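Shown next, in structure tokens, is the structure this report addresses.
Each chain gets a letter, A, B and so on, in the order its sequence line appears, and its residues count up from 1. Note that the coordinates shown come from a computational prediction; the quantities given were computed from them, not determined experimentally.
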Amino acid sequence: MTMENWIDITLVILAVSLMICFVRLYIGPNPPNRAVAFDTIAIHAVGIFALIAMRSGAPELLDAAIVTAVLGFVGTMMFARYIEKSNVQDWESDKE
Amino acid sequence: MTTVELIIAFLILAGALFMLIGALGIVRFPDVLSRMHAAGMATTVGISAILLGAGFFFRDEFLFYRMLVLILLLFATSPISTTALTRAVYNNEPILRRQLKHDEMAVTVLDESMLDESKISETKVDESANGATSANPARMPTPT
């Protein structure tokens, strides 16, 4: 198999993994679960950017991957600070 | 395929499999803290393997160094965001706090008026870890 086939297989695996993360984002019973899912989705976006840059031979897309990594970190920190300061305790907890 | 391409294919496949396992752990694990444990594997090992493969793929030295800097950035920021989320969960979810077997932050949660010099011992710490913190509304002083 050529290199393009391997990159395609990896992209398919990452797409399936991204959909599994969106399942947690949808069913997550409270905000911290959704924050964890959002963090992982941002990381998946970085990986998919890197793979698309390899697939299309465009190394300029790796700059977009760097920006996406920083923005994902900032978003997760903002979400964590919001949860910490908001002091809402009436959300639905995890089941046993 | 040359040897370099085999190495790149192995790196990106291993990274994608790590991220798939991390995503499965996020869906399957029972509570928030263990889900963060599963997410930590995807956000460090998986993405760094993929980015290392991307750095090897373009035979450009500057681009490879940039990917190394991005890996260092991810390794620095992932524990920070996970720690902030864990502290938010700890302050806001007393049910989960009671399930912890070992609670290191419970000592700092204690109110200063409850501190009796004669009673500070191991049993005091164990009591506070087993749910006395829910009766005590004193919270961690949040850093500003």
Side-chain angles (χ1 to χ4, degrees), chain A residues 1-3 5-7 9-14 16-21 23-24 27-28 30-33 35-37 39-40 42-44 46-47 50-51 53-54 57 59 62-63 65-66 69-70 72-77 79-89 91 93-96, chain B residues 1 5-6 8-10 12-13 15-17 19-24 26-27 30-33 35-36 38-39 42-44 46-47 50-51 53-55 57-58 60 63 66-67 69-70 73-74 76-78 80-96 139-140 142:
Chain A
M1 288 204 286
T2 60
M3 197 65 210
N5 295 120
W6 288 109
I7 296 174
I9 291 170
T10 315
L11 270 174
V12 168
I13 294 174
L14 272 190
V16 172
S17 170
L18 188 63
M19 282 161 62
I20 294 171
C21 288
V23 169
R24 175 51 68 195
I27 69 173
N30 46 19
N33 286 303
V36 175
D39 193 14
T40 317
I43 294 297
H44 276 77
V46 177
L51 285 176
M54 289 163 75
L62 291 175
D63 297 338
I66 295 174
V70 176
F73 166 65
V74 171
T76 313
M77 281 303 287
F79 211 156
R81 281 311 172 100
Y82 161 66
I83 294 169
E84 191 173 350
K85 303 275 184 191
S86 64
N87 197 12
V88 283
Q89 298 190 5
W91 60 44
S93 287
D94 295 314
K95 298 175 189 65
E96 288 295 324
Chain B
M1 289 179 68
E5 285 187 336
L6 270 179
I8 293 167
F10 174 73
I12 59 175
L13 269 180
L17 283 179
M19 290 173 85
L20 181 64
I21 294 168
L24 279 177
I26 286 177
V27 172
D31 55 12
V32 188
L33 300 179
R35 276 170 204 150
M36 284 178 199
T43 56
T44 52
I47 192 64
I50 290 179
L51 288 177
F57 183 78
F58 304 104
D60 188 359
L63 211 57
R66 238 181 342 183
M67 286 301 106
V69 168
L70 181 51
L73 177 87
L74 284 170
T77 56
S78 167
I80 296 173
S81 58
T82 309
T83 309
L85 260 179
T86 314
R87 200 169 51 209
V89 170
Y90 182 86
N91 283 336
N92 276 322
E93 201 145 10
I95 304 167
L96 193 63
R139 294 158 57 84
M140 272 289 291
T142 53

Inter-residue atom distance Ile13(A).CD1 - Met19(B).CE, 0.5 Å rounding: 11.5 Å
Atom of Ala80(A), atom of Leu85(B) and distance for their closest heavy-atom approach: CB-N, 3.8 Å
For Trp6(A) against Leu13(B), the heavy-atom pair lying closest together: CZ3-CD1, 3.1 Å
Nearest non-hydrogen partners of Ala9(B) and Met3(A), listed with the distance: N-CE, 3.9 Å
Worked check of side chain to side chain contact (heavy atoms under 4.5 Å, CB included) between Leu62(A) and Leu70(B): CA-CA 10 Å; Leu62(A) 291 175; Leu70(B) 181 51; over 6 Å; no
Nearest heavy-atom neighbours spanning Ala88(B) and Ile83(A): CB-CG2, 3.8 Å
Chain A contacts, top residue of Gly55(B), Gly46(B), Ala39(B), Ala16(B) (heavy-atom pairs, under 4.5 Å): Ala16(B)
Within-4.5 Å side-chain heavy-atom neighbours: Ile26(B) and Ile20(A): no
Best-contacting candidate, Met77(A), Met19(A), His44(A), Met54(A), against chain B by heavy atom pairs under 4.5 angstrom: Met54(A)
Contacting moiety of Leu63(B), where chain A heavy atoms sit under 4.5 Å: side chain
Nearest heavy atoms of Val32(B) and Pro32(A), plus distance in Å: CG1-CB, 3.9 Å
Which of Asp39(A), Ile66(A), Thr76(A) touches chain B most, by non-hydrogen pairs under 4.5 Å: Ile66(A)
Point-to-point distance, once rounded to the nearest 0.5 Å, from OG1 of Thr10(A) to CG of Leu20(B): 11.5 Å
Pairwise distance CD1(Ile43(A)) to OG1(Thr77(B)) - rounded to 0.5 angstrom: 6.5 Å
Part of Ile21(B) lying under 4.5 Å from any heavy atom of chain A: neither
Greatest number of heavy atom pairs closer than 4.5 Å to chain B - which of Cys21(A), Gly57(A), Ala65(A), Pro59(A): Pro59(A)
Separation between OG of Ser17(A) and CG of Leu24(B), rounded to the nearest 0.5 Å: 7.5 Å
Which atoms of Asn5(A) approach chain B - backbone, side chain, both or neither, heavy atom under 4.5 Å: neither
Under 4.5 Å from any heavy atom of chain B - which part of Leu51(A): side chain
